[in-house]
Amino acid sequence: MLDRLKSIEDRYEKLNELLSDPEVVNDPKKLREYSKEQSDLQETVEAYRRYRSASEQLSDAKAMLEEKLDADMREMVKEEISELQEEIESLTDQLKVLLIPKDPNDDKNVIMEIRGAAGGEEAALFAGNLYRMYSRYAELQGWKTEVMEANTTGTGGYKEIIFMINGSGAYSRLKYENGAHRVQRVPETESGGRIHTSTATVACLPEAEEVEVDIHEKDIRVDTFASSGPGGQSVNTTMSAVRLTHLPTGVVVSCQDEKSQIKNKEKAMKVLRARIYDKFQQEAQAEYDQNRKSAVGTGDRSERIRTYNFPQNRVTDHRIGLTIQKLDQILEGKLDEVIDALIVEDQASKLQEAES
């Protein structure tokens, strides 16, 4: 571990030199690339330096015990040794986590897709609740939300809604939301007061850059059609809606949220790129995971991951056995307690795998 940390520190120092090199300063691409790499290494390097400093202080303190000291001084040195040993132990745990290979998608924006599943209109309403929950969470994080495509129902729910969340580290926080979400509550339309169970599915895709997914124009079929639903007089009169079909993979994306065909095509391309990138990632992950399955996991979209129980104000994440009696707060976007627990579990699983 210490050899790896020393090589990381050496690379960090090399990046410091490169970032002051006039040739790099005048090359925006290299400057951006090296700045990001340095930023990614900074926390690890700072923790390693604290670890090294504490280790040196511990060595000096132990050497002092070999000298002739009065009783008070000896007690002070023993106390310092105890504190330094605790600090080193804490820093060792921190460094082990920092050395876990980072998900290359963690810093990316995300495209989230929420669909009402089992439960008809109630499932569509629940999809609306989830969209609001993630929108509020994004707002609390200082991130921006942009709707890419929405298929609404007459009562305010969503058969499907696709939206982008722009923000540093958005994917690192939201990637655990993939899967089936279940709600248990009495529907507003239910006169008998019986609790119904409905589901909605969530997919969280990292936004893919053009360089990461090579899509050729000849591989895309573009269809245009008239928009439907709310939107004013232009609805059903202009061919502004766009459907893109990626012929090699069969991935299809439609967008009619904007009145401009050009803007709809731009949005659809972002979603198409993300879905194709995700498809390749899912296939690679499935091959890697065929003999093991993570406790948290982000691959199986059909897996029921969480239950939202309204009568008991309870949220349960089934992957880690976490139950919180704060449904009202969570639906207002206060998701950090759940997400933090999932991250800790994921890190623990990866540490155990690395050490086995």
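Scope of the values below: all heavy atoms of this structure, side chains included, with no hydrogens, waters or symmetry mates. Index from 1, following the sequence.
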| task | Before giving the answer on salt bridge (charged side-chain N to carboxylate O under 4.0 Å, His left out), spell out for Asp27 and Lys29 the whole-Å C-alpha distance, their side-chain angles and the decisive distance to 0.1 Å. | result | CA-CA 6 Å; Asp27 185 333; Lys29 186 180 177 183; over 6 Å; no

On a heavy-atom basis, which atom in [X] and which in [Y] lie closest, and how many Å separate them?
X      : Y      : answer
Gln256 : Glu149 : N-OE1, 2.8 Å
Leu65  : Lys78  : CD2-CG, 4.2 Å
Ile162 : Arg275 : CD1-NH2, 3.3 Å
Ala170 : Val110 : C-CG1, 3.9 Å
Ala138 : Ile165 : CB-CG2, 4.0 Å

| task | Please report the C-alpha distance between Asp72 and Arg74 in whole Å, then the side-chain angles of each, then the deciding distance to 0.1 Å, and finally whether the salt bridge (charged side-chain N to carboxylate O under 4.0 Å, His left out) criterion is met. | result | CA-CA 5 Å; Asp72 288 344; Arg74 184 170 292 276; over 6 Å; no

| query | Do Arg243 and Phe225 meet the cation-pi criteria used here (NZ or CZ under 6.0 Å from the six-membered ring centre, within 45° of the axis)? | reply | yes

| message | Within 45 degrees of the ring normal and closer than 6.0 Å to the centroid, is that where the cationic atom of Arg136 sits relative to Tyr134? | response | no

| query | Between Arg50 and Glu87, does a salt bridge (charged side-chain N to carboxylate O under 4.0 Å, His left out) hold up when you go through it step by step? | reply | CA-CA 9 Å; Arg50 291 198 302 274; Glu87 183 182 359; 5.7 Å; no

| message | Under a 4.0 Å threshold between the charged nitrogen and the carboxylate oxygen, would Asp340 count as salt-bridged to Arg173? | response | yes

| field | Salt bridge present between Glu9 and Lys14 (N-O < 4.0 angstrom) | value |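 Salt bridge flag = no for Lys14 with Glu9.
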
| query | Taking it one step at a time, do Glu266 and Lys263 satisfy salt bridge (charged side-chain N to carboxylate O under 4.0 Å, His left out)? | reply | CA-CA 5 Å; Glu266 285 175 357; Lys263 288 183 178 178; over 6 Å; no

